[in-house]
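Computation of the quantities below employed the complete heavy-atom set of this structure, encompassing side-chain atoms and omitting hydrogens, waters and symmetry-equivalent molecules.
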Amino acid sequence: NTISNGSNFGSGVYIEGNADSIMVSNNDITMTHASSISGIYVTSYYTSSANYYPAHGSVSQNTITAPNYGIKLYGSSYPISTYTINNNIINIQTKAPTEGACIWLGTVGTSNNDKTIIYNNRLNGGTNGIYLSTNADYIKVYNNYISGSDNGLNVSASNSEIGEVYFNSFYNSLNNLYFSFSSAAYWKVKNNILYNTNASASNACVSIGNSGVTFSAYNYNAYYAPNGASIGRISTTNYTTLAAWRGVDHSDETPKGDENSIVGNPLYINVSQNNLDLPTNTPFSSSGISINGISTDINGISRAVVPSIGAYESLISVSAGNTQTITCSIPTVTLSGTVSGSGLTYAWTGPSVGILAGTTPNALSTQVSAVGIYTLTASNSNSSTTSTVAVVSNTTLPNVNAGLNQVISSTNTIVTLSGSSSTSSVSFSWSPGGSSPQSATTSVTSSAVYTLTVTDLNNGCKNDDTVYVIGKLSATASIIDYEN
């Protein structure tokens, strides 16, 4: 459906009460009024005798444009149970309300059996990418692009303290992860790219409101704060480097946290378009850790054994180059491959299967002199990819014809030798040379065996033919009597 709503305090789709197993999917929703509630609003209600709440629903594959809120789940009287929010594109146009968000959750989830799962969404703009109000527990957030907002994930209440954040790509201007008070206590955070554009050290890639609070697990994340934001912040203390952040205890699973995390530029493809895809030369390829139950990335591509950090799985790219041709003038050709990826080794094999090929088989370029199919394999500790290239031969000899034999005599002292070739783009050479040794036709004055050599200018191959020029005696002869 295409839904356009310009009403004050309205929603594009509104679901309330015991509306179970509802799927809201494949809608294009545009909210135009500045005071609209949200593109999609799911809520509970109660009477004096009972609570009525939605359960087992999904919101997927919608495109939402709204001023303040994209998708809002609010169990006002009783927690909303077991919802999935996936594969949506949400664009928020303003940063006016402090709670404004692409996805807003409040009073959802009561156990591991009724999680709210948020995955494969592309969230752009607003004050917050994802905002958790009070009693938003048992949240699982993975494989999302979250960019253009002040805060990426904002956990605003201390009683929203149970959740998981895996394989997300952030690009935000205040804090990528913000946990107020003691809300971080039972969160697991791994394999996220935290890119912070702020210039103040009081803003951070990850910020925790209270000191003495540690995550349940926190490791294998990637940080980039090129303008001056801190890597981590606890209460009012800033940790501006990864080394300093590793020095403070912020994880229960490992001694202090972030032991396997890294710093670097992810090289996002186009942040202005919320395209947080990674090139194959990103430093975050093959740098994460597998998470049970997450086997694909934001595009449905299988995760590698050692996965990339972030929502996008960066794979090895390899090309063995263009077909090469061996000729008479070029008996050896160079195979030149191009690859992208990190920690790569190379191997050229061919034309026999599995046999190392050429002069430098473990380099990107190698020289070979035999026709056949050659394979370039690029590998790292995570995976390998191959590409093939053909080496063909063009050694066909050109056609040559030196013409008819000629007779030279006292009355015919100059003869013309007329050579030819049916092959195009050739050169000629007579030996002995005659008057025009580099032409198909030449004139000669001596009896001899003349050779015409034809060279194919395309492949350098040569072929020759001979013609005889015969000297003829004079018709008048003198007889000498040796006896007398």
>> ring-ring contact (aromatic ring centres under 6.0 Å, His included), that's the test. Do F167 and Y142 meet it? Break it down for me.
In response: CA-CA 5 Å; F167 290 113; Y142 68 92; 8.2 Å; no
>> For a side chain to side chain donor-acceptor pair (under 3.5 Å) check, start with the C-alpha distance between D252 and T214, then their side-chain angles and the critical distance, and finish with the verdict.
In response: CA-CA 6 Å; D252 297 333; T214 56; 2.6 Å; yes
> Yes or no on side chain to side chain donor-acceptor pair (under 3.5 Å) for S77 and S44, after CA distance, side-chain angles and deciding distance?
Replying inline: CA-CA 6 Å; S77 61; S44 61; 3.2 Å; yes
> Hey, mind stepping through N159 and N135 against side chain to side chain donor-acceptor pair (under 3.5 Å) and telling me if it holds?
Replying inline: CA-CA 5 Å; N159 56 7; N135 294 306; 3.2 Å; yes
> Can you list the steps and then say if S202 with S200 is a side chain to side chain donor-acceptor pair (under 3.5 Å)?
Replying inline: CA-CA 5 Å; S202 61; S200 171; 2.7 Å; yes
>> Assess the residue pair L278 and Y268 against the criterion (side chain to side chain contact (heavy atoms under 4.5 Å, CB included)); give the C-alpha distance rounded to whole Å, side-chain angles, the decisive distance to 0.1 Å, and a yes or no.
In response: CA-CA 5 Å; L278 301 177; Y268 287 145; 3.8 Å; yes
> Checking side chain to side chain contact (heavy atoms under 4.5 Å, CB included) for the pair N176/V206: CA distance, chi angles, key distance, verdict?
Replying inline: CA-CA 6 Å; N176 302 121; V206 54; over 6 Å; no
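Between L242 and I231, the closest heavy-atom pair is N-CG1, 3.8 Å. Between V42 and I80, the closest heavy-atom pair is O-CD1, 3.4 Å. L174 and N198 make their closest contact through CD2-ND2, 3.6 Å (heavy atoms, listed as atom of the first residue, atom of the second, distance). Considering all non-hydrogen atoms of both residues, N172 and G148 come closest at ND2-N, 4.4 Å. Between I37 and F9 the shortest heavy-atom distance is CD1-O, 3.2 Å. In this structure, N238 and S230 approach most closely via the heavy-atom pair CB-OG, 3.4 Å.
For E313 and S308, the side-chain atoms include at least one donor-acceptor pair closer than 3.5 Å. Side-chain contact of Y171 with N274: a donor-acceptor pair under 3.5 Å is absent, judged by distance alone. The closest side-chain donor-acceptor pair between N120 and N86, if any, does not fall under 3.5 angstrom. In this structure, a donor-acceptor pair under 3.5 Å is present between the side chains of S156 and Y131. Under 3.5 Å, the side chains of T395 and N459 contain no donor-acceptor pair of N or O atoms.
Residues I355 and T349 form no side-chain contact, since every pair of their non-hydrogen atoms from C-beta on lies 4.5 Å or further apart. Side-chain atoms of L276 and V271, non-hydrogen and from C-beta on, do get closer than 4.5 Å to each other. In this structure, T65 and Q93 have side chains that are in contact, with non-hydrogen atoms separated by less than 4.5 Å. A heavy-atom distance below 4.5 Å is found between the side chains of P67 and S36. When side chains are defined from C-beta on, I289 counts as touching N191, because their heavy atoms get closer than 4.5 Å. Looking at L376 and W348, their side chains come closer than 4.5 Å, going by heavy atoms from C-beta outward. In this structure the side chain of P279 never reaches within 4.5 angstrom of the side chain of S314, judged on heavy atoms. The side-chain heavy atoms of P54 and Y83, taken from C-beta on, include a pair separated by under 4.5 Å.
Put simply, the side chain of D20 gets close to the backbone of A55: a donor and an acceptor are under 3.5 Å apart. Judged by distance alone, with hydrogens and angles left aside, the side-chain atoms of N227 form a donor-acceptor pair with the main-chain N or O of T197 at under 3.5 Å. Side-chain N or O atoms of T388 include none that pairs as donor or acceptor with a backbone N or O of A320 at under 3.5 Å. Within the 3.5 Å criterion, the main-chain N or O of I64 finds no donor-acceptor partner in the side chain of N62. Under the 3.5 Å distance criterion, the side-chain polar atoms of N192 are left unmatched by any main-chain donor or acceptor of F170. The backbone N or O of N88 lies less than 3.5 Å from no partner atom in the side chain of T63, so there is not a single donor-acceptor pair. Side-chain N or O atoms of S287 include one that pairs as donor or acceptor with a backbone N or O of S285 at under 3.5 Å.
One finds the CD1 atom of I294 at 6.0 Å from the CG atom of N143 (value rounded to the nearest 0.5 Å). With values rounded to the nearest 0.5 angstrom, S58 atom OG is found 11.5 Å from I117 atom CD1. Separation of atoms CG (N68) and CD1 (I92) is listed at 7.5 Å; rounding is to 0.5 Å. Rounding to the nearest 0.5 Å gives a distance of 10.5 Å between CG of D137 and CG of N112. Atom CD1 of I162 is separated from atom CD1 of I139 by 10.0 Å, given to the nearest 0.5 angstrom. The OG atom of S251 lies 12.5 Å from the CZ atom of R246; values are rounded to the nearest 0.5 Å.
Just one residue in the list I89, N87, N27 forms a side chain to side chain contact (heavy atoms under 4.5 Å, CB included) with Q61, and that residue is N87. Evaluated for a ring pair (Phe, Tyr, Trp, His ring centres under 6.0 Å) with W187, the options F215, Y218, F179 yield exactly one hit, F179. A side-chain hydrogen bond (donor to acceptor under 3.5 Å, both in side chains) with N175 is found for one member of N128, N151, D150 and no other, namely N151. For the ring pair (Phe, Tyr, Trp, His ring centres under 6.0 Å) criterion with Y74, the lone passing option out of Y45, W104, Y14 is W104.
Counted within 6.0 Å of NZ on K188, heavy atoms from surrounding residues, nucleotides or ligands total 12 or fewer; the atom is thus considered open. Within 6.0 Å of the CG atom in N270, the count of heavy atoms belonging to other residues, nucleotides or ligands exceeds 12. The number of heavy-atom neighbours closer than 6.0 Å to OH of Y346, taken from other residues, nucleotides and ligands shown, is above 12. Heavy atoms of other residues, nucleotides or ligands lying less than 6.0 angstrom from OH of Y46 number 12 at most. Within a 6.0 Å sphere centred on CG of N299, other residues, nucleotides and ligands contribute more than 12 heavy atoms.
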Could you pull out all donor-acceptor pairs under 3.5 Å where a side-chain atom in residues 256-263 meets a protein atom, sequence neighbours excluded?
residue, atom, partner, partner atom, Å
K256, NZ, G247, O, 3.1
D258, OD1, Y223, OH, 3.2
D258, OD1, S261, OG, 2.3
D258, OD2, Y223, OH, 2.9
D258, OD2, W245, NE1, 2.7
D258, OD2, H250, NE2, 2.9
E259, OE1, T254, OG1, 2.8
E259, OE1, G257, N, 3.3
E259, OE2, T254, OG1, 3.4
E259, OE2, K256, N, 2.9
E259, OE2, G257, N, 2.9
N260, OD1, N219, ND2, 3.0
N260, OD1, Y220, OH, 3.4
S261, OG, Y220, N, 3.2
S261, OG, N221, N, 2.9
S261, OG, N221, O, 3.3

